[in-house]
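Here, residue 1 is the first one in the sequence, and each next residue gets the next number.
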Amino acid sequence: MLVLTIHSPGEPPRRLRVDRPELTLGRASTNDVFLPDRTLSRAHARLTRGPGGVVLVDLGSRNGTQLNGARIAEPVPVRAGDRIVLGETTIEVSEEASSSAQVVIEAGGGPIEKTMISTASAAAGLARSAARELTDAAELKRLATSLQILNEVSLALLTDIPLADLSSLILEKLFAYLEPDRGLLMLRDEAGSLQPEALKLAEGIDPADLRLSRTLVEAVTERREGVLMIDTRTDAKLGTADSIRLQGITSCLAAPLLAGETVLGLVYLEARLGRKSFTEEDLRLLTSLANTAAIKIQNQRLQETAAAKQRIEREMALAWDVQRRLFPEVPPELPSSELLGRTLPSRTVSGDYYDFFVRGDGTVDVVVADVCGKGMAASILAASVQSAFQAWAAEHFPPDRLCARLNDLVYRRTSPEKFVTFFAALYDPETGSIVYSNAGHNPGIVLRAGGGHELLPAQGPPLGLFAGRSYGSGALTLAPGDLLLLYTDGLTEAANPEDEEFGLERLVEAARSCKDRPLEAVEEELRERLAAFAAGVPFHDDRTVVLLRRR
């Protein structure tokens with residue numbers, strides 16, 4: 001399995017496995033791999049994974065794609081060790097450790113006698129050795145090598161080395177000095193379970209399953225101490241840990257990756273029968289190194305989380321900017337009429353949608369829609385509905401036929417659980433007449449100038465639930481001073497601290513109290529009434545209001 005280490009300008013390195021048949025790379029957020037690099041094309045390149053390996057293809061990018069310093073003109077194979085350059089972004093290709101070995105944590109056969117060293121005492125032990133005068137040449141050499149390894153790893157921690165590369169580096173350094181047969185670095189996932197991050201085998205070692213004693217794992221992760229265990233035939237410290245002895249292990253070391261009071265994971269080394277046994281000095285080195293690396297791992301995880309959050313926020317802000325441009329910039333100027341629309345998303349982007357479309361005969365379509373769900377997926381479906389609505393409104397389809405056509409479109413293009421409530425009104429400003437069709441949407445409200453109000457109920461189900469569905473329609477006439485209020489359920493279902501909904505009755509009363517004011521003032525009053533009712537409770541749904549008054 002190939003792994004990409006991505007270095008983009010102003011971003012921490014990212015690591016990505018090529019585990020899909022196809023990965024597109026580019027500046028557009030719709031790519032599988034979004035690269036925030038202004039020098040890239042929106043769709044820049046593609047990696048295709050097939051039986052013959054991974055192939056890199058340039059997608060006609062403006063600045064080209066380079067592989068190992070040469071610009072590619074046609075598809076080329078990609079292998080571990082290659083270097084891909086896209087604009088100012090560099091991608092290093094490596095190979096994930098390919099081993100059939102599985103990591104299994106299993107119950108031990110009983111208590112184990114062991115040497116345990118805390119992270120503090122491990123560091124203190126190395127410091128004492130470094131401080132005292134050493135006369136034994138071998139001991140002096142061993143101490144110098146230990147300090148050199150710690151120094152090399154510490155220097156690596158000062159760079160933006162990706163987490164997976166850091167894990168591999170730690171094992172490489174340990175293998176060079178301690179010469180284990182197998183080594184493993186594990187990290188806790190979001191659920192707190194230990195997962196293998198890096199696995200290394202000495203040359204000639206059979207990649208059989210690596211079985212860790214649960215007793216050992218719990219000793220490391222719960223007591224937060226390094227552990228040394230040696231075969232009973234040589235030191236009587238392995239005890240009755242069957243899962244270790246039965247694998248033919250002579251000696252093993254384990255140390256926690258400890259950052260403050262948090263155990264991020266562990267490092268484990270083992271030597272098998274017929275080879276060396278580890279010592280307490282080896283355990284001190286391993287524990288000190290793990291303690292040093294844990295701080296970097298924790299900081300890097302925090303940085304990656306923050307960077308990912310910032311990236312998502314930038315993308316969502318851009319999406320909302322694009323979506324806002326899909327709404328009418330200003331309502332159309334209509335004779336003897338006023339028109340206003342406003343949407344407030346509960347997240348960065350909205351699943352609500354409203355639109356105005358002036359037909360060639362001077363009539364105007366006024367529509368409000370609410371896509372099931374929230375966020376990016378809902379906003380994309382809302383944009384699709386808008387595009388189809390405008391095309392069919394231009395063909396002078398009446399509201400009931402518009403709903404029928406849109407229903408079939410949504411049914412074909414979405415999963416069964418997705419639907420759209422939709423209210424379409426065709427208004428003639430010359431006469432004040434309205435023909436409308438309500439597809440499962442909240443009832444429209446008509447506030448009469450002389451008092452009283454009317455509700456405009458649904459004449460069919462929401463769009464997308466049933467194929468081939470027809471819709472009914474209704475008609476009314478706005479007299480001078482009458483006000484039509486269309487809205488989404490983000491208003492009526494807004495809740496207060498007692499979990500009581502704002503409801504239709506409160507909405508009617510709020511609108512009636514200000515129906516003669518300018519439309520901007522009416523919308524502002526509704527917004528303020530809603531905020532006062534919610535009393536700080538977050539709005540969990542988008543809120544859209546459309547107002548139409550005949551003067």
Side-chain angles (χ1 to χ4, degrees), residues 1 3 5 12-17 19 96-97 99 101-112 114 116-123 153 157 161-171 174 182-200 209-229 241-244 247 252-270 283 286-312:
M1 179 75 67
V3 177
T5 302
R14 284 185 286 156
R15 192 173 171 87
L16 180 72
R17 300 173 71 210
D19 55 1
E96 191 174 53
S99 169
Q102 300 293 315
V103 177
V104 180
I105 299 176
E106 59 185 17
I112 51 176
K114 52 196 172 289
M116 304 187 71
I117 297 180
S118 69
T119 56
S121 62
V153 172
L157 300 184
I161 182 171
L163 183 57
D165 290 350
L166 173 61
S167 303
S168 298
L169 172 66
I170 292 170
L171 290 184
L174 291 169
R182 300 199 290 188
L184 170 69
L185 189 146
M186 303 184 78
L187 294 176
R188 292 195 187 278
D189 58 18
E190 293 181 356
S193 300
L194 287 169
Q195 302 295 336
E197 179 68 22
L199 173 64
K200 187 174 178 60
D209 289 354
L210 200 157
R211 300 183 178 276
L212 274 66
S213 162
R214 185 173 299 279
T215 312
L216 178 147
V217 171
E218 291 176 353
V220 172
T221 57
E222 294 180 8
R223 298 196 194 184
R224 303 171 184 172
E225 294 181 310
V227 176
L228 163 66
M229 293 190 289
D242 293 339
S243 61
I244 296 175
Q247 294 183 77
C252 59
L253 294 173
L257 292 162
L258 185 63
E261 295 299 314
T262 303
V263 177
L264 305 179
L266 62 83
V267 184
Y268 171 81
L269 303 177
E270 68 179 32
L283 178 57
L286 177 66
T287 307
S288 296
L289 190 147
N291 196 37
T292 302
I295 299 171
K296 174 66 174 183
I297 291 172
Q298 185 183 55
N299 289 340
Q300 191 160 33
R301 280 184 163 182
L302 292 173
Q303 289 175 3
E304 289 176 356
T305 300
K309 182 180 179 180
Q310 291 174 359
R311 185 162 56 249
I312 291 172

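Nearest heavy-atom pair across L264 and A259 is CD1-CB, 4.2 Å. Here the closest non-hydrogen pair linking G226 and P256 is N-CD, 3.8 Å. When all heavy atoms of A219 and V227 are compared, the pair lying nearest together is CB-CG2, 4.1 Å. Shown here for A198 and S168, the closest heavy-atom pair between the two residues is CB-N, 4.2 Å. Closest of all the heavy-atom pairs between L185 and S167 is CD2-OG, 3.7 Å. Closest approach of A254 to V220, counting heavy atoms only: CB-CG2, 3.6 Å.
Put simply, CG on L266 and CD on E197 are 12.0 Å apart, with the number rounded to the nearest 0.5 Å. L187 CG to I297 CD1: the interatomic distance, rounded to the nearest 0.5 Å, is 5.0 Å. One distance of note links CG of L184 with CD of E270; it measures 9.0 Å at 0.5 Å rounding. The structure places CG of L258 at 10.5 Å from CD of E225, a figure rounded to the nearest 0.5 Å. With rounding to the nearest 0.5 Å, the separation of CZ in R182 from NZ in K200 is 14.0 Å.
Within the 4.5 Å cutoff, side-chain heavy atoms of V267 are placed close to those of L174. Side-chain contact between T262 and R188 is absent, with no heavy-atom pair separated by less than 4.5 Å.
Among the candidates L286, T287, L253, the single residue satisfying the side-chain contact (heavy atoms from CB on, under 4.5 Å) test with L228 is L253.
Side chain of T221 to main chain of V217: a donor-acceptor pair is present (N/O by atom type, distance under 3.5 Å, no hydrogens or angles). Judged purely by atom type and a 3.5 angstrom limit, R224 uses its side chain to pair as donor or acceptor with the backbone of E261.
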Start with the C-alpha distance between L216 and Y268, add both sets of side-chain angles, then the distance that settles side chain to side chain contact (heavy atoms under 4.5 Å, CB included), and finish with yes or no.
CA-CA 10 Å; L216 178 147; Y268 171 81; 4.2 Å; yes
